[in-house]
Amino acid sequence: MNFVFLKKKISFMILSILVGPLSAGDRAWAADPSELIAGEPPTPASERSSGIRGKLHDWNVVVGAGAVYGPKFEGSKDFEVMPVPLVSASFFNDYVHVGPTGLLIDIYKVENFKISARGGMEFGRDEDDSDHLRGLGDIDSGAKIGGVISYELGPIELSAGIDKIMGGSDGVTGTFGAEYSHMVGQFILSAGASATWADKNYMKSYFGVTPLQSARSGLETYDAGAGFKRIDLTASVTYLASEHWFIRGQAELGIVTGDARNSPVVQKETQPSVMMFVGYKF
């Protein structure tokens with residue numbers, strides 16, 4: 001099973017599309033959803049659980065599991081199902097966040113504007129994940145460090161991030177996006193769009209084909225340059241089943257663009273995926 005593309009997409013889906021909208025609905029988690037519907041005030045912090053459970057609540061710990069159905073690799077025409085685990089938490093008055101993508105630290109926050117530093121892993125690609133990749137060789141995993149700037153404009157959040165990969169492709173990627181979240185009763189409705197840019201190192205690693213790789217794989221040689229490689233459109237619904245339990249369904253459509261689109265590595269330009277998830281927030 002290919003953990004490359006799916007791991008990257010799962011991380012984005014869970015943190016940006018799952019945990020993000022939950023943050024937008026934090027008012028719902030301040031108390032039992034029925035309290036909000038009835039117009040009753042949230043439970044005071046002094047009356048909440050103490051001990052370990054109280055700490056887990058204070059740390060905004062979320063655990064859960066689900067499954068995603070998506071392409072085997074970026075540009076694949078074949079799909080597979082992959083299980084999705086989730087553990088995330090926030091510390092130090094919500095300035096430090098740990099989740100599927102790694103570590104996120106808010107270094108500056110004022111009103112609706114935020115600057116954060118982040119670190120995690122780039123999972124690379126394994127040529128054994130698909131017959132189409134045979135002969136291209138593996139792309140090793142690497143550490144990833146970067147930052148993100150975000151601004152909330154009512155129910156809309158605008159963001160721009162950049163990441164440097166150390167090891168693997170040794171590339172640089174940038175993501176620019178917007179997301180809308182709205183709460184209706186016990187449901188959180190979300191929709192978003194984003195575009196991903198990559199430098200030449202990244203594009204060459206994932207979408208380029210050298211003469212040696214061409215001889216081994218049978219694919220034509222291809223020189224991929226820097227540019228926007230992908231556009232993503234997402235839509236999701238989160239149901240707050242109780243004070244702690246929630247269910248999430250999400251659909252995403254990725255569109256491969258630029259030099260990546262013309263690469264012989266890419267079999268299909270449109271990259272749809274769906275995910276179902278059940279989680280518990282302490």
Side-chain angles (χ1 to χ4, degrees), residues 1-14 16-17 67-84 121-142 144 163 165 168-177 192-235 250-276:
M1 177 175 287
N2 179 8
F3 291 99
V4 182
F5 176 64
L6 281 178
K7 271 192 175 180
K8 290 163 62 181
K9 292 310 299 173
I10 287 168
S11 296
F12 176 78
M13 290 159 74
I14 291 177
S16 301
I17 308 301
V68 61
Y69 178 72
K72 287 187 173 182
F73 63 90
E74 189 167 15
S76 174
K77 64 179 177 61
D78 298 318
F79 294 77
E80 64 184 355
V81 177
M82 181 175 175
V84 181
M121 289 291 296
E122 173 80 7
F123 291 99
R125 188 178 69 195
D126 190 339
E127 69 171 352
D128 292 334
D129 292 330
S130 170
D131 290 340
H132 187 68
L133 300 176
R134 297 288 173 84
L136 296 180
D138 297 339
I139 303 173
D140 294 334
S141 299
K144 182 167 61 175
D163 293 290
I165 302 163
S169 68
D170 283 320
V172 175
T173 62
T175 303
F176 310 87
S194 65
T196 302
W197 175 91
D199 72 349
K200 186 172 180 62
N201 284 345
Y202 184 98
M203 295 291 286
K204 181 179 179 180
S205 296
Y206 283 96
F207 301 105
V209 181
T210 67
L212 179 59
Q213 289 175 321
S214 177
R216 291 176 174 175
S217 66
L219 299 177
E220 296 181 2
T221 59
Y222 186 73
D223 184 22
F228 283 94
K229 73 180 186 75
R230 184 184 179 94
I231 295 173
D232 286 286
L233 305 175
T234 61
Q250 179 201 306
E252 176 175 344
L253 176 63
I255 304 171
V256 180
T257 62
D259 279 10
R261 179 177 183 173
N262 298 321
S263 169
V265 177
V266 174
Q267 298 174 299
K268 188 176 181 180
E269 299 165 5
T270 55
Q271 301 280 278
S273 61
V274 293
M275 183 177 78
M276 287 296 296

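- Between F79 and Y69, the two ring planes are parallel [angle under 30°; tilted spans 30° to 60°].
- Side chains of R216 and V209 form no contact here, defined as non-hydrogen atoms less than 4.5 Å apart.
- Scanning all heavy atoms of the two residues, the minimum distance from D259 to D223 falls at OD2-O, 4.2 Å.
- Residues R125 and V265 form a side-chain contact, since some pair of their non-hydrogen atoms from C-beta on lies under 4.5 Å apart.
- Residues Y202 and T173 form a side-chain contact, since some pair of their non-hydrogen atoms from C-beta on lies under 4.5 Å apart.
- When the salt bridge (charged side-chain N to carboxylate O under 4.0 Å, His left out) test is applied to D163, the partners found at least two apart in sequence or on another chain are R118.
- No side-chain heavy atom of V172 sits less than 4.5 Å from a side-chain heavy atom of N201.
- The backbone N or O of T221 lies less than 3.5 Å from no partner atom in the side chain of Q213, so there is not a single donor-acceptor pair.
- With hydrogens and angles ignored, the 3.5 Å screen pairs a side-chain donor or acceptor of T257 with a backbone N or O of F228.
- With sequence neighbours left out, D138 forms a side chain to side chain contact (heavy atoms under 4.5 Å, CB included) with D126, E127.
- For E122 (side chain) and K144 (main-chain N/O), no donor-acceptor pair under 3.5 Å exists by modelled atom type.
- Side-chain atoms of H132 and F73, non-hydrogen and from C-beta on, do get closer than 4.5 Å to each other.
- Atoms CD and CD, from E269 and Q267 in turn, are 12.0 Å apart once rounded to the nearest 0.5 Å.
- L253 has its side chain within reach of P272: a pair of non-hydrogen atoms, C-beta onward, lies under 4.5 Å apart.
- Between D128 and R134, the closest side-chain pair of non-hydrogen atoms falls below 4.5 Å.
- Listed for the Y206 side chain is no donor-acceptor partner under 3.5 Å among the backbone atoms of A260.
- The two residues D199 and G171 have their closest heavy-atom pair at OD1-CA, 3.4 Å.
- Rounding to the nearest 0.5 angstrom, the gap separating the CD1 atom in I165 from the CE atom in M121 is 10.5 Å.
- For D170, the salt bridge (charged side-chain N to carboxylate O under 4.0 Å, His left out) test picks out no residue, with sequence neighbours left out.
- Proximity of K229 to F207: side-chain heavy atoms (C-beta onward) are separated by under 4.5 Å at one or more points.
- Atom OG of residue S169 and atom CE of residue M203 lie 11.5 Å apart, to the nearest 0.5 angstrom.
- The minimum heavy-atom distance between V256 and K268, with the atom names listed, is CG2-O, 4.4 Å.
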*Taking it one step at a time, do R230 and T175 satisfy side-chain contact (heavy atoms from CB on, under 4.5 Å)?*
CA-CA 10 Å; R230 184 184 179 94; T175 303; over 6 Å; no

